[in-house]
Amino acid sequence: MISTMWWLAGRFAWVVVVVVGAVTLCFFGLHAGEGDPVTTLVGGNPVSPQTLETIRKDLGLDRPLVLQYLAQLGALASGDLGRSYQLQQPVAEVIGSQLGSTVELALAAGTLAIAGAIVVAVFTAGRNKALRATSNGLELLAASTPPFWLAVLLLTFFSFGLKLFPVSGADGPYALVLPVLSMAIPLGAVLTQVLRDSVERALSEPFVLTVRARGASETWLRTRHVLRHALLPLVTLSGWLFGSLFGGSVVVESVFARPGLGQVILRAVINKDTPVVTAVVVLSAVVFVVLNMIVDLLYRVIDPRLRRR
């Protein structure tokens, strides 16, 4: 019980460190770039210097940079994400209205990538050299293809060419197919290569001979015994996988003109909407840390030896 409490305390401290670090980098990175949020906010409208100064004061941008940074940290600590400069809405509402679409895309792509990796790796590991070489070559090609380029190819062929799927938007399940494939194929290829190596190492373990001696089929051996021993590397990469999917949906959502955090963060960066950008960065950092905590817990489920540590 005490060790669990210490573990949870350490993880909570790690959450704080990661979030503060992410906020710090985001805040000073945005302010280091060119452009003024107030000038961007008013656009090309003729505005007097006095009006610009009033807007800057209302937004708290007239204070020294360090005080702005500390104020933002204090607001985040109290759960206040602030208001969007550009949309003049609470940031929580801006993100909340688009979060569901991004989560849907990330979960669907991650699930497909993991499921595909398990099926391909389990049934190609230790097989004849021709099958393994063919699979490995296709995986290298898929893993080296940027999601943006893959999205354009899928869009050109299946939407503009065959007209099987919608070109843009998020209306219905068909509109989800191509964006999911664009994100899942490269990541699934990486996971497959890692898992196959792990499965082949597990197939060389002594317990495999024992299971085969009992008359178990090859499929039963691989799915029931070998896969469990080979899952740890996949679980480790799965934490990174969902984190990258959540943060990397910007490009794919832009290509397919899907609603989601991708469009929100893109507009916010262009308009130097600091509260929105900071909130999305914080959300991504929290997701990353939480996923790593889940991965640590899964280690103990998969490998009982870790529960005694």
Side-chain angles (χ1 to χ4, degrees), residues 12-103 106 148 243-244 246-255 257-290:
F12 179 76
W14 176 240
V15 171
V16 174
V17 170
V18 170
V19 170
V20 171
V23 171
T24 302
L25 291 174
C26 175
F27 180 86
F28 288 104
L30 285 173
H31 284 81
E34 297 181 356
D36 176 22
V38 177
T39 305
T40 305
L41 181 61
V42 299
N45 300 317
V47 179
S48 65
Q50 292 80 9
T51 303
L52 288 176
E53 190 60 31
T54 300
I55 296 174
R56 187 171 285 105
K57 186 175 182 179
D58 290 340
L59 296 177
L61 300 176
D62 60 326
R63 294 175 293 176
L65 196 60
V66 174
L67 292 181
Q68 294 181 43
Y69 168 69
L70 294 175
Q72 189 166 61
L73 282 182
L76 289 173
S78 65
D80 181 13
L81 299 179
R83 292 181 65 86
S84 167
Y85 296 161
Q86 196 71 23
L87 302 175
Q88 288 300 299
Q89 297 177 5
V91 173
E93 292 183 7
V94 174
I95 292 178
S97 64
Q98 302 296 324
L99 182 61
S101 179
T102 296
V103 170
F148 172 81
S244 63
F246 187 79
S249 60
V250 177
V251 174
V252 172
E253 287 178 345
S254 299
V255 171
R258 283 181 56 86
L261 291 183
Q263 296 292 331
V264 171
I265 190 66
L266 186 62
R267 289 194 299 265
V269 170
I270 293 174
N271 296 320
K272 296 185 74 67
D273 199 340
T274 305
V276 174
V277 176
T278 303
V280 174
V281 169
V282 169
L283 179 61
S284 300
V286 171
V287 168
F288 173 79
V289 176
V290 170

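Quick note: residue numbers are just sequence positions, from 1.
In this structure, Leu283 and Ile95 have side chains that are in contact, with non-hydrogen atoms separated by less than 4.5 Å. Residues Val280 and Ser284 meet the side-chain proximity criterion, which asks for heavy atoms closer than 4.5 Å. With contacts defined as side-chain heavy-atom distances shorter than 4.5 Å, the pair Pro275/Ser84 does not qualify. At least one side-chain heavy atom of Thr278 sits less than 4.5 Å from a side-chain heavy atom of Leu76.
Atoms CG and CD, from Asp273 and Gln88 in turn, are 9.0 Å apart once rounded to the nearest 0.5 Å. Rounding to the nearest 0.5 Å gives a distance of 9.5 Å between CZ of Arg267 and CD of Gln86. One distance of note links OG1 of Thr274 with CD of Gln68; it measures 8.5 Å at 0.5 Å rounding. Once rounded to the nearest 0.5 Å, the distance linking OG1 of Thr102 with CZ of Arg258 reads 8.0 Å. Here the CD-CD distance, from Gln98 to Glu253, works out to 8.5 Å after rounding to the nearest 0.5 Å. For the atom pair Leu261 CG and Leu266 CG, the distance stands at 12.0 Å (nearest 0.5 Å).
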Name the atoms and distances for all side-chain donor-acceptor pairs under 3.5 Å in residues 22-29, with sequence neighbours left out.
{"residue": "Thr24", "atom": "OG1", "partner": "Val20", "partner atom": "O", "Å": "2.7"}
{"residue": "Thr24", "atom": "OG1", "partner": "Tyr69", "partner atom": "OH", "Å": "2.6"}

Can I get a per-line list of side-chain donor-acceptor pairs under 3.5 Å for residues 53-67, giving both atom names and the distance, sequence neighbours left out?
{"residue": "Thr54", "atom": "OG1", "partner": "Gln50", "partner atom": "O", "Å": "2.9"}
{"residue": "Arg56", "atom": "NH2", "partner": "Asp36", "partner atom": "OD2", "Å": "2.4"}
{"residue": "Arg63", "atom": "NE", "partner": "Gly60", "partner atom": "O", "Å": "3.4"}

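Taking every heavy atom of both residues into account, Ile265 and Val277 meet most closely at CD1-CA, 3.8 Å.
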